[in-house]
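This report concerns only the one structure given below.
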Amino acid sequence: MPDPFETRLTRHLLDWYDRHHRDLPWRVTPTAHRQGLRANPYHVWLSEVMLQQTTVQAVKPYFRKFLERWPDVSDLASAPVEDVMAAWAGLGYYARARNLKKCAEAVASLHGGVFPDTEDGLRALPGIGDYTAAAVAAIAFNRPAAVMDGNVERVISRLYAIDAPLPGSKPVMKARVRALTPVERPGDFAQGMMDLGATICTPKRPSCVLCPFRDDCLALGRDDPERFPVKAAKKEKPIRQGAAFVAVSADGAVLLSRRPASGLLGGMTEVPTTSWTSRQDGGTTPDHAPFPADWQPAGVVTHVFTHFELRLTVFRALISTRPLMQGCWWEPVEQLEAQALPTVMKKAITLAIPRAFSPASTAPDS
DNA sequence: CATCCGTGGTG
DNA sequence: TCACCAAGGAT
């Protein structure tokens with residue numbers, strides 16, 4: 001039996017979503033949805049994977065680029081993985097790109113190119129966890145799955161003034177979400193909760209006066225919504241150091257290599273580097289260059305990863321020949337843009353070759 | 001369950 | 001400036 005209180009909260013949220021939903025490229029508006037237009041599961045899945053720990057603004061251009069290049073899941077399944085990694089470069093969390101490709105292959109070969117339409121079926125695919133399985137099931141297939149991401153955690157923790165810290169409080173919050181999720185319009189409810197968290201129930205300075213839950217929110221009742229969600233203290237970031245070597249040949253090519261398939265920046269392209277160590281004096285000299293050359297310091301790149309900060313001393317050398325290096329290749333500067341270079345490597349190359357990624361890099365000097 | 005995994009925007 | 005953190009998943 002539905003609880004009248006929960007039912008009222010759900011209705012308030014859906015009414016708010018009808019009026020204030022965001023229009024997004026992968027989304028079907030609530031009006032169109034009521035008229036029978038269904039969201040494309042491929043679009044929903046692709047957007048949800050891209051949106052994992054990533055902002056809407058950052059995702060939009062990547063989403064358009066992927067759809068234009070690979071219009072459906074079977075196109076993505078048959079694409080070279082290097083192309084997918086290169087197209088993903090800059091978006092971060094590169095295991096997502098590897099799993100995106102694996103998932104597309106599984107859908108194409110195991111499911112005949114059609115996404116499973118249940119939470120459990122989706123959950124079994126690579127790169128799809130609890131959140132994404134529930135989101136795709138609800139949004140693309142109208143399943144009453146309980147969708148809980150960081151936005152929903154914030155909304156729920158405030159609405160019910162949950163004092164227990166994350167992540168331990170997740171099961172309690174998930175039960176609250178489950179009780180609120182309607183059999184009718186579960187996808188709109190999930191998207192409404194996320195829109196509410198993104199635009200009204202924000203981490204700092206929430207706009208409670210505009211919130212559909214303003215009359216029922218226990219955190220607002222305590223006059224302290226910013227206190228929630230309570231989170232466990234986080235570790236501080238160590239600093240690691242290393243050196244990167246940008247070798248430029250006389251005919252304008254750069255020495256590149258491929259990082260190991262798993263781990264940090266797995267499967268992405270790099271310039272040769274030393275190992276990145278936490279030692280104070282470690283790895284910032286040309287001693288470990290890929291080959292002897294007239295290595296000149298070009299500066300230091302600082303880049304912040306999730307769990308450490310990297311200070312990379314960049315060396316540059318102009319060389320007349322192209323030494324053949326095991327596991328490396330020489331890439332013309334004007335083709336670097338097509339490589340799967342993560343941001344830290346683009347920073348290092350730009351420091352050594354300032355015009356490497358400028359549109360005019362192929363034009364003669366003026 | 002804790003740790004590892006990127007990047008860019010924001011207050 | 002800098003701490004926070006965004007539609008999390010794999011191990």
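The figures here come from the full heavy-atom set of this structure, side chains too, leaving out hydrogens, waters and symmetry mates. Here the structure is a predicted model, which means the values were calculated and not measured. Chain naming here is simple, since letters A, B, ... match the order of the sequence lines and numbering starts at 1 in each.
- Within 4.0 Å (heavy atoms only), A:Arg154 reaches sugar-phosphate atoms of the nucleic acid but no base atom.
- Between A:Thr132 and C:dG9 there is a side-chain polar atom (N or O) within less than 4.0 angstrom of OP1 or OP2.
- Looking at heavy-atom distances under 4.0 Å, A:Pro126 makes contact with sugar-phosphate atoms alone, never a base.
- One finds no side-chain N or O of A:His307 lying less than 4.0 angstrom from the OP1 or OP2 phosphate oxygen of B:dT3.
- Residue A:Leu265 is classed as a sugar-phosphate contact, given heavy-atom separations below 4.0 Å to backbone atoms only.
- Rounding to whole angstrom units, NZ of residue A:Lys231 and P of C:dA3 are separated by 16 Å.
- Using a 4.0 Å heavy-atom cutoff across all strands shown, A:Ala198 reaches sugar-phosphate atoms only and no base atom.
- When the nucleotides C:dA6, B:dT7, B:dT3 are ranked by their closest atom to the side chain of A:Lys235, B:dT3 comes out on top.
- One finds no side-chain N or O of A:Tyr93 lying less than 4.0 angstrom from the OP1 or OP2 phosphate oxygen of C:dA6.
- Residue-to-nucleotide contacts include no donor-acceptor pair under 3.5 Å from the side chain of A:Thr54 to the base of B:dG8.
- B:dA2 and C:dA7 have their P atoms separated by 23 Å, given to the nearest Å.
- As a whole-Å value, the separation of A:Met85 CE from B:dC5 C1' is 12 Å.
- A:Gly266 comes within contact range of no nucleotide atom at all, as no heavy-atom separation falls under 4.0 Å.
- If you check every strand for non-hydrogen atoms under 4.0 Å, A:Leu24 touches a base.
- Taking only side-chain nitrogens and oxygens, A:Thr55 never comes nearer than 4.0 Å to OP1 or OP2 of B:dG9.
- Checked by distance alone, A:Tyr131 brings no side-chain donor or acceptor within 3.5 Å of a matching partner on the base of C:dG8.
- Looking at heavy-atom distances under 4.0 Å, A:Val304 makes contact with a base.
- Across all strands shown, A:Trp26 has heavy atoms under 4.0 Å from base atoms, whether or not it also approaches the sugar-phosphate.
- Here A:Gly90 lies in heavy-atom contact (under 4.0 Å) with sugar-phosphate atoms only.
- Atom name P, nucleotides B:dG8 and C:dG9: the rounded distance is 22 Å, in whole Å.
- A donor-acceptor contact under 3.5 Å is not formed by the side chain of A:Arg96 with the base of C:dA10.
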